[in-house]
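Data first, discussion second: the structure below is written as structure tokens.
Throughout, a chain's letter reflects where its sequence line sits, starting with A, and its residues are numbered from 1. Any value given below was found using the heavy atoms of this structure, including those in side chains, with hydrogens, waters and symmetry copies removed. Fair warning: this is a prediction, and the values are worked out from it, not measured in the lab.
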Amino acid sequence: MSDRDILDELNREQRAAVECTDGPVMIIAGAGSGKTRVLTYRIAHLLNKGVDAFGILALTFTNKAAREMKERITSLVGGEARNLWMGTFHSTFARLLRREAYRLGFPPDFTIYDTEDSKGLLKSIIKEMNLNDSTYKPSALLGRISSIKTMLVSSKEYINDPHYSGEDRRMRREHFGQIYETYTKRLFKSGAMDFDDLLFFTNILLRDQPDMLLKYQNMFRYILVDEYQDTNFSQFMILRQLAARHQNICVVGDDAQSIYAFRGANIQNILNFQKQYSDTAVFKLEQNYRSTQTIVNAANQVIAKNRDQLAKKIWTANEQGDKIPVLRAFTDSEEGRVIAQLIYERRMQKNVPYREFAILYRTNAQSRPLEEALRKIGIPYRIYGGLSFYQRREIKDMLAYFRLAINPNDEEALRRVINYPKREIGDTTVDKMAVAAADNDVTIWTVMENLPDFELGLQNRSREKIMDFVNLIKSFSAVLPTHNAFQAGDFIASGSGIIKEMFLDRTPEGINRMENVQELLNGLRDFSLKAENDPATATLNHFMEDIALLTGEDVNETDENEKDKVLLMTIHAAKGLEFNYVFISGLEENLFPSQMAVIDREDLEEERRLFYVALTRARKNATLTYSMSRYRYGSSVSCEPSRFLEEIPAEFLDNASSTAEPYQPREMQRIPRPPNTGYSNGTPPVIRSPLTNKKLISVNKVSATQSTVNNRHLEILRAGMFVEHERFGRGEVLKMDGIYPDGKALILFETGEKKQLLLRFARLNIVEDSSK
DNA sequence: GCTTCTACCGTTTTT
DNA sequence: CGGTAGAAGC
């Protein structure tokens, strides 16, 4: 596409922002104003002007955004786009650090620890320091370490700063400094970095090594940053250093959409950008192309009172649109039913595909009643941005072997698989080696490799097992340089015994896990094939480079079946997306706005921005829902409508269509419980599957317990009839000689794929079995 | 070593 | 209530 054509596709504001290529530029892009378009066209324009793609650094907020932008640029100007430095802050600077980390003493193949790894490491540190107090919780510690690293305070500086030690003493966490130091050391020894380190060490490198700074300043002639309102101090400092020389930095963002303060994002970065760079050219994109006037105006009202913001006026030439319906429900499950019902009706009446609906919520925990309701009337849905494929247990197990092969010092990977599958290296053995490692200031792997040099008091049998393991890992490492990722991965998968272990597990979950591992290997094959003509890039090492940085949306999104589904997600996850129909659920005080924001500090601005983001995801219609009671910790609590509902002028809202049928006092709504577990009148209800409408086995719940799966369970597991239970979801009938002697059957419900596989068993009366 | 029982805690939001 | 860790039980 020629440059002229590119520029002709833009409106006047957008075009001006694209054409101003040099010097500091700030583009304030309101929601739905074509921000991505401006960024992509700007890059295309730069390339057309003859700027080398290698000289452009473009930073996005998610991998997905980077990928999509790259595709669009490719379609505009062709394959040159491949050479752009484009990605998230984390992945881009991980790439940079792989080249340069040797200067900081890290191996080029350093491992990236994800949150789980980091917590695991902290946990072992706490244990070793005998601090197993409940005051030192891994996640809290990690949170603090993270925010300190974001402020670029090293462990050394931390320990020597009386301000911090005083603060820790007050907080009764006097060992925190020591923990931070040990954590840092252990990461270093393990050849690993956590998420924050990727930014931290990039900063250190640029700060302390002038030749590095110069190199990258000269390399990145043009810097573009998307979602600038959500950058943190560490990211700010990287940008400041890199842009100092050429000052060609273009930041795009919307202060009204800054919603990540909790992880260190600093809205001041965007508010003060003009002070940072005195001759900044500022462009404002104020025309919204996405939503109806009603939605745009209502959204404007939501943030109108915020103190921290840049002046702008978002407007739209789109149609007026419907008023925003506000629906009240009695309970969270009714709220789900109402939403499901509306989706069903709209799909039927207007033939709207499922994918045009999104249900947004403030906290992940809210998804469950929504899911139940959707499942009940057979609406397909998908939770967007959930657990990454690469964070599943079985996948992490496999990856741990890969990681060990690449970097045997990786302690978390080692601990994860040293006794999986079982090879008789138990906790006590590992603990002994860990102590020896700490005493001698080496890694556990070093201890294992040089076992005879250490007095560990181990049995000969254990020593042999350890040596076997060492040789196993070494045999894996040996394969890496000469084979591609798939060959190496396949070799490790079978050599480690994982495949065999999983193959023996014939439970539905086990089969599912096996399929996931297969999927991983398929992924490796694709990866190897894609990089075939350049064998150096087809290695497992290369595949593993930024696996830890991938999120749930970076894998299976091309799957056809996955496409036409209603999407459920947190509002945070919805940033950057848009849908025709959006439901914003749980608009209740102390939920949205969250309790934290209400009581902790009277700081509701970010919550309002969050609401703003939620509203502006909608093109045609945004529907607000709330309920008067909600389950929390098992018991029902009553809720007040959110203050946000009052902050929108009534002219934009449509309260008439409230679900509240003739109002009933709350007491009436309590579902009467039968006095005992049996059916007193002897006529049990017939349950029909909402999916198939088939008559299900009518049941009467007698008792339910949770349990880990044991061999007996596996033995009796036979796929029987499908049963759905209001409370536990779906499950399969387990038969043990058909029926228990007392006329009850065992029904098994999955409670999900978590660390510990727990199944829920309910013993149920079989009253009628219409399947026969 | 493996299973089951018991006590405890928790809800923001995530690259 | 549901998930988890660690103790108790075999």
Side-chain angles (χ1 to χ4, degrees), chain A residues 59-66 87-94 112-115 118 123 127 132 134 137 139-140 142-143 146 150 194-199 227 230-232 234-235 258-265 360-369 385-388 391 419 422 424 426-428 546 548-554 569-575 586 590-600 606-607 609-611 613-614 630-637 704-713 727-729 749 751-761:
Chain A
L59 298 165
T60 59
F61 195 69
T62 61
N63 293 306
K64 191 171 171 237
T88 61
F89 272 90
H90 289 86
S91 66
T92 306
F93 294 118
I112 299 174
Y113 273 13
D114 66 13
T115 314
S118 299
K123 215 169 164 181
K127 197 174 163 193
N132 220 347
S134 49
K137 287 176 202 138
S139 49
L142 187 62
S146 171
T150 299
D194 68 14
F195 285 148
D196 303 299
D197 283 336
L198 298 172
L199 306 177
E227 308 280 12
D230 283 322
T231 50
N232 62 32
S234 185
Q235 294 165 328
S258 167
I259 54 174
Y260 280 93
F262 70 91
R263 71 172 203 220
L360 308 185
Y361 36 79
R362 180 65 235 271
T363 66
N364 281 310
Q366 285 165 255
S367 74
R368 189 189 299 215
L387 198 64
S388 157
Q391 285 169 356
N419 203 25
K422 298 239 178 298
E424 299 178 49
D427 290 346
T428 37
D546 45 25
L549 302 173
L550 297 180
T551 63
E553 294 317 308
D554 296 328
M569 68 191 91
T570 62
I571 299 168
H572 284 88
K575 193 166 88 162
N590 296 329
L591 183 62
F592 190 21
S594 89
Q595 197 175 16
M596 295 282 201
V598 176
I599 51 171
D600 230 35
E606 180 150 320
E607 297 286 313
R609 292 194 290 265
L610 210 44
F611 190 35
V613 170
R630 187 171 288 279
Y631 272 91
R632 226 173 163 194
Y633 303 150
S635 54
S636 168
V637 292
T705 55
Q706 63 177 28
S707 162
T708 45
V709 193
N710 63 23
N711 287 328
R712 190 171 55 87
H713 297 141
R727 202 49 154 283
F728 303 143
F749 298 94
T751 59
E753 189 88 22
K754 279 284 166 68
K755 235 184 180 174
Q756 206 173 25
L757 181 64
L758 283 174
L759 296 177
R760 197 170 260 290
F761 296 94

Between B:dT14 and A:T570, is there an OP1 or OP2 to side-chain N/O distance shorter than 4.0 Å?
yes
Is there side-chain contact between A:Q366 and A:L591, with heavy atoms separated by less than 4.5 Å?
yes
Whichever of A:A365 and A:Y260 has the more 5' nearest nucleotide on DNA chain B, that residue is A:A365
Please enumerate all residues that pass side chain to side chain contact (heavy atoms under 4.5 Å, CB included) together with A:R263, with sequence neighbours excluded.
A:F61, A:Y260
Separation of A:L59 atom CG from B:dT15 atom P, in whole Å?
16 Å
How far, in whole Å, is C:dT4 from B:dT13 if one measures between their P atoms?
16 Å
Value in whole Å for how far the P atom of B:dT13 lies from OH of A:Y361:
10 Å
So A:N364, base contact, sugar-phosphate only, or nothing? Heavy-atom distance under 4.0 Å.
sugar-phosphate
Would you indicate what A:F61 reaches in the nucleic acid, counting non-hydrogen atoms under 4.0 angstrom: base, sugar-phosphate, or nothing?
sugar-phosphate
Return the value, rounded to whole Å, for the distance between atom CG of A:L142 and atom P of B:dT14.
15 Å
Atom CG of A:D196 and atom P of B:dT15: how far apart are they, to the nearest Å?
13 Å
Listed nucleotide nearest any side-chain atom of A:A573, set C:dA5, B:dT15, B:dT14
B:dT14
Which part of the nucleic acid, if any, lies within contact of A:K422, taking any heavy atom under 4.0 Å across all strands shown: a base, the sugar-phosphate backbone alone, or nothing?
sugar-phosphate
With C1' as the reference atom in both, quote the distance from B:dT11 to C:dG6 in angstrom, rounded to an integer.
24 Å
For A:Q595 and B:dT11, give me the distance from atom CD to atom P, rounded to whole Å.
12 Å
Please examine the side chains of A:F93 and A:L59, heavy atoms only from C-beta on, and report whether any two atoms are closer than 4.5 Å.
yes
Spacing between A:F262 atom CZ and B:dT13 atom C1', to the nearest angstrom
4 Å
Using whole Å, what does the distance between atom C1' of nucleotide B:dT15 and atom CG of A:L199 come to?
9 Å
Phosphate-side-chain proximity, A:K137 and B:dC9, N/O vs OP1/OP2 below 4.0 Å:
no
Can you find a heavy atom in the side chain of A:I259 that is under 4.5 Å from one in the side chain of A:F262?
no
Nearest whole Å is fine: how far is C:dG3 P from A:R368 CZ?
6 Å
Going by side chain to side chain donor-acceptor pair (under 3.5 Å), name the residues that satisfy it together with A:T150, two or more places apart in sequence or in a different chain.
none
